[in-house]
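Worksheet: the structure to be examined is printed underneath.
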Amino acid sequence: LPLRMPRSFIQGCIIICINLPLYSQQVSAQRYKDRVFATVAISKNITYGYDLPDGTKAKYYLLDLYQPENDTCTSRPLILWIHGGGFKFGNKGSRGTPLWCRRFAERGYVCASVNYRLSKKNTLSDLGALINACSDAVEDIDKAIAFFKKNHALYKIDTTRIILAGNSAGGMTALQAAYGSNPAASAGTPAASAYLTYNPGHIAAVINFWGSMFDTSLLKNNNVPVVSVHGNKDRIVSAGKPDKGLYGSLIIHRYANVLHIPNSLKIYEGYAHELQKHFNPLWAGKAARKRWEEAGNFAADFLYKELFE
């Protein structure tokens, strides 16, 4: 006669078989590479600076902080996320910035979405105004870096692993802050070159989403790893064609390879600025947001390989 198994034993085996893949995923999950935290705590409108003598309001010196909930780690890498908008528009809650902050916090990073001063001039058609606006943004990001270094114990920050990230103007600011702190001087304008320094914040890596540089020769100044994502149909910031004094992600990638700077590039064929089929600064659909998710995953894999393996 065949041996009859108790029903409770069979049910137990079924439960084990169902949960085994989930257990395997949990065991193999890697902090900073995979999303290992289910929830993220968000603290809004933290002040990192003060009003300037010219009357600039404190709203430009606010940030939102994203931290993994119930995290016991006491020394965590920090990503400062810098929004886009041509240095005229946008804020710390714009476009994909909150999405990327959440996703990287779920991986174990501390993320700060940072406001910075916006220009009153026509940065979209005046290169000089664009350079000056970027200079202001870099100064503000330097303030945010100094704020977190001063308060590293409070926010459990590893100050040797501060990463700058941004999309469009934010990517431009991140690159400039890492490779040359004074865009006006490094772009050859009359600003005093004596104030030109390189990577004063000791940035560990840069995430550049559809941004650019004013001068790719700045890449010679240090060896900060760079990961970039860009659409090949981008007509706001061209990926591969020098345009109006800007040099996009493909040009940065090629020159970084020549200089042996750790870098990686993902090009989206057929997509425009912000990885949209047709760029719309006011609205992005589910398909574009899915590509933003993919861009974040690509950047996370690069950072894990360069900073943690």
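All values derive from a computational prediction rather than experimental measurement.
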Output for pair (Ser113 OG, Leu99 CG), nearest 0.5 Å, gives 11.5 Å

* Asked: Just by modelled atom types, is the Asp215 backbone N or O under 3.5 Å from a matching donor or acceptor in the Tyr179 side chain?
  -> no

Has Thr173 got a side-chain atom pairing as donor or acceptor with Ala169's backbone, closer than 3.5 angstrom? yes

_SB check Asp301 Lys266 (cutoff 4.0 Å)_ = no

Under the side-chain hydrogen bond (donor to acceptor under 3.5 Å, both in side chains) rule, what do Arg291 and Tyr271 come out as? Steps first, then yes or no, please. CA-CA 10 Å; Arg291 288 187 284 274; Tyr271 290 97; 3.3 Å; yes

Would you say Leu303 and Ile252 are hydrophobically clustered, going by side-chain heavy atoms of ILVMFWY under 4.5 Å? no

### Task
Check whether any side-chain heavy atom of Ile46 sits under 4.5 Å from a side-chain heavy atom of Tyr155, and report yes or no.
yes

request  = Could you tell me whether Trp81 and Phe104 have their ring centroids closer than 6.0 angstrom?
outcome  = yes

Taking atom NZ as the centre, does Lys241 end up with more than 12 heavy-atom neighbours from other residues, nucleotides or ligands that are less than 6.0 angstrom away? no

same_hphob_cluster(Leu175, Val227) at 4.5 Å side-chain heavy-atom cutoff:
no

For a quick check under 3.5 Å, do Ser228 and Asn263 share a side-chain donor-acceptor pair by atom type?
no

Is the closest side-chain donor-acceptor distance between Asn122 and Lys88 under 3.5 Å?
no

CG of Leu164 to CD1 of Ile141, rounded to nearest 0.5 Å, is 7.0 Å

Parallel, tilted or perpendicular: which one describes the rings of Tyr116 and Phe87, with boundaries at 30° and 60°? perpendicular

>> I'd like to know if the side chain of Asn151 reaches the main chain of Leu154, judged simply by a donor and an acceptor atom lying under 3.5 Å from each other, with no hydrogens or angles considered.
In response: no

So CG of Asn45 and CG of Leu63: to nearest 0.5 Å the spacing works out to 9.0 Å

In this structure, CG of Asp126 is separated from NZ of Lys121 (nearest 0.5 Å) by 8.0 Å

Here the gap from Tyr109 atom OH to Ile157 atom CD1, rounded to the nearest 0.5 Å, amounts to 12.5 Å

| Do Ile203 and Ile163 have side-chain heavy atoms sitting under 4.5 Å apart? | no

Per salt bridge (Lys or Arg N to Asp or Glu O under 4.0 Å), Asp71 is matched among Arg31, Arg107, Lys156 by Arg31

Salt bridge between Glu293 and Lys290, side-chain N to carboxylate O under 4.0 Å? no

Could you tell me if Arg35 and Asn297 have a donor-acceptor pair between their side chains, going purely by distance under 3.5 Å? no

To the nearest 0.5 Å, atom CD1 of Ile251 lies from atom OG of Ser238 at 6.5 Å

Using a 6.0 Å distance limit plus a 45 degree cone around the ring axis, check whether Lys143 lies over the aromatic ring of Phe147. no

Got His273 and Val237 here, is their nearest side-chain heavy-atom distance under 4.5 Å? yes

Residue set satisfying ring pair (Phe, Tyr, Trp, His ring centres under 6.0 Å) with Phe308, at least two apart, ordered chain then number -> Tyr32

*Would you mind reporting whether Leu259 and Lys220 have side-chain heavy atoms less than 4.5 Å apart?*
yes

Check your understanding: Under 3.5 Å, is there a donor-acceptor pair between the side chain of Trp100 and the main chain of Trp292?
Key -> yes

When Asp234, Ile267, Asn208 are each screened for side-chain contact (heavy atoms from CB on, under 4.5 Å) with Ser249, the one that passes is Asn208

Note to self: Is it the case that the side chain of Asp34 and the backbone of Val36 share a donor-acceptor pair, with hydrogens and angles ignored and the cut-off at 3.5 Å?
What the structure shows: no

**OP:** With the side chain counted from C-beta on, respond yes when Asp140 and Val114 share a heavy-atom pair under 4.5 Å apart, and no when they do not.
**Re:** no

